[in-house]
Amino acid sequence: MTVLCFGLSHQTADVALRERFAIAEHELGEAAHRLGSFDGIGEAVIVSTCNRVEFYAAADEPERGLAALRQFVSERAAADAGAFSSFYKIDGAQSVRHLFRVVCGLESMVLGETEILGQVKKAYSIAVEHGSTARHLNKLFQRAFNVAKEVRTKTNITRGSVSVGSVAVDLAERIFGRLNTCKVMILGAGETSEQTARALLSRGAKSILVSNRSYDRAAALAAEMGGAAIHFDHWDKNFDEIDILVSSTAAPHAIVTRDKLAPVMQARRDRPLFIIDLAVPRDVEAAANKLEGVYLYDIDSLRTLSEQSLAIRRQDLAICEKMIDRHVAEFSEWLGRLGSEAVEARDLPIGARVSQS
Amino acid sequence: MDRVLLVASTFCFLLGFAYTMFAFGAGRYRPSRFNFGVISLGFAFQTAFLFMRGHEIGSCPLTNLFEVFIFLSWSMVLLYLLIGTAYRLSLLGAFTSPLVFIFQTFALIAPIDTPMHARVMHSAWLELHAAISIIAYGAFALAGVAGVMFLVQERQLKTHQLRSFFFHLPPIHDLSVAINRLLLTGFALLTIGLLAGFAVRIDWVKVSWGIGVWLIYGAILQAEKWKRVSPRRVAQLAVAAFTITLSTLWGLNFISAPNHL
């Protein structure tokens, strides 16, 4: 028995092609069950995310199994030869390694991202529910989840954040702990500031105030996020009640200066203020960071941190590969042992087989 | 036998310290069962040592500077085990291990374990005074440790230089809350300790020193309560106050002996 992987990903196909072969979550179970019933396929799991569509199968003969996978995909999406050129067809230890790399986030668009692990777990549990897995794929996927856990715990591959929004959220959590008591103010409703504010809200930020030169735009955004809009002329009057300021106005000069902040910070000595300045030119005077309790990050410092995180992750790539190699070798050994046992059992006289079982 | 227990305990804290240094150096520190395990084992050895020593001298083992250092170390670890886990401050143990290791190594090497049978405490009030006061200093020591953690984390946030352990240090808000609670705990215990000290024949140098320490920590807590100081300043004061307290403890031991009231 060997493990096969047939699929495409963001590395081999554009989004239009991936969309064509994607399988909705509610169809995954039935599709895996049907694939498992194809001649030449013993077990099947289908992983379908926005970045990859992959068909994992356990088959006695690789050629027959791959032909069955191709036929299955062809039937579902009416694929032609051109479309198949974007598919990868791997078997044996290579397919095992591929799955382990996928669950560890090493094949992801953002190196080390962890969402894929949850997606693969979901795909596997759906396949189990629909009875399309057995001994081989059960062992393979359980081992893959163990590999992912080990890699996450023992290396820095998931360390830090690699987008501006998530870096800002991480920093906010290192300052305030839980964000459920934090009030956020958006100053200037730009796209990045909106995304950052949404990320903060998704991590539990208590409330949001929006101020923009166009009050209508502020009101619309505030309504969308369940916050309140304030007039741009009065934004600094609400300064005392906020904990996080996300600023991205188009002002040609700094609108938040050290002199403006100093009396505010004097009055709120026990409460820090986290300022995320996404504007270019900057909205907040750099000297404001020297004030006690002010933590100021501009777009460059956030980008530098996200690049540092990515560099840290890349540094650990070799360690992850070593861990994966070890697990691939162990799994292949187990698969080989299982194969030998099956051959031995098959070669035994019928009487002996019965007595063994 | 009791010294063997103490050496074993010190070795446990050395292991905890070495593990932390190695993990930080390699850039992959994780609060681990190993670290918690060696600290717990070290605590068990400390407890056994103090029990045996107390049994041997027939009173609370706080009769000389050697025992004071060990009792102080024990108090710090006890408070860490009680508070560190409750406030998700697992890294506090990593910072506590080196301090306990230094205290115990100093106690083992320095010639301070002199028999003081003449001064063995026979009064329950005196024992209560000494034990509660030392536990209070343990709380102040731990507040100092949390203060160091706060200052390290705060500096990283201010300078944007995030080291690998940045994500393992607790948020500065949580550290600030922990410092405040440890200072309050220490202050409350020291108040009880001083009151118990007044109930017996007292050494006026030690009591004056105790009142001085009580006033310093009282002032820090008041300033914090009235929002006169920032969390960073409170962290600095917690470190400074404990450093002063510890550095005066040595001299105090020598000048206090002939000054019983």
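Naming: A, B, ... by sequence-line order, numbering from 1 per chain.
- The CG atom of B:L162 sits 5.0 Å away from the CG atom of A:L305 when rounded to the nearest 0.5 Å.
- Taking non-hydrogen atoms and a 4.5 Å limit, the residue list of residues 229-242 of chain B in contact with chain A, ordered by number, reads B:V229, B:S230, B:P231, B:R232, B:R233.
- Surrounding CZ of A:R282 are at most 12 heavy atoms belonging to other residues, nucleotides or ligands under 6.0 Å away.
- The environment of B:F11 atom CZ is sparse: at most 12 non-hydrogen atoms of other residues, nucleotides or ligands sit within 6.0 angstrom.
- A:Y297 contributes atom OH, which lies 9.5 Å from atom NZ of B:K158 (distance to the nearest 0.5 angstrom).
- The number of heavy atoms from other shown groups lying within 6.0 Å of CH2 (B:W214) does not exceed 12.
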* Asked: Is there a side-chain contact (heavy atoms from CB on, under 4.5 Å) between A:F176 and B:D174 once you walk through the steps?
  -> CA-CA 8 Å; A:F176 302 102; B:D174 294 2; over 6 Å; no
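- Looking at A:R174, its side chain does come within 3.5 Å of a backbone N or O of B:L169 through a donor-acceptor pair.
- One distance of note links CD of A:Q308 with CD of B:Q161; it measures 7.0 Å at 0.5 Å rounding.
- To the nearest 0.5 Å, atom NE2 of residue B:H160 and atom CG of residue A:L302 are 8.0 Å apart.
- Heavy atoms of B:Q153 lying under 4.5 Å from chain A belong exclusively to its side chain.
- For B:T185, there are no side chain to side chain donor-acceptor pair (under 3.5 Å) partners two or more places apart in sequence or in a different chain.
- A:E115 CD: 12 or fewer foreign heavy atoms inside a 6.0 Å radius.
- Remark: A:R326 CZ is packed, more than 12 non-hydrogen atoms of other residues, nucleotides or ligands lying under 6.0 Å away.
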* Candidate pair B:H173 and A:I175, rule side-chain contact (heavy atoms from CB on, under 4.5 Å), full reasoning -> CA-CA 6 Å; B:H173 173 266; A:I175 295 169; over 6 Å; no
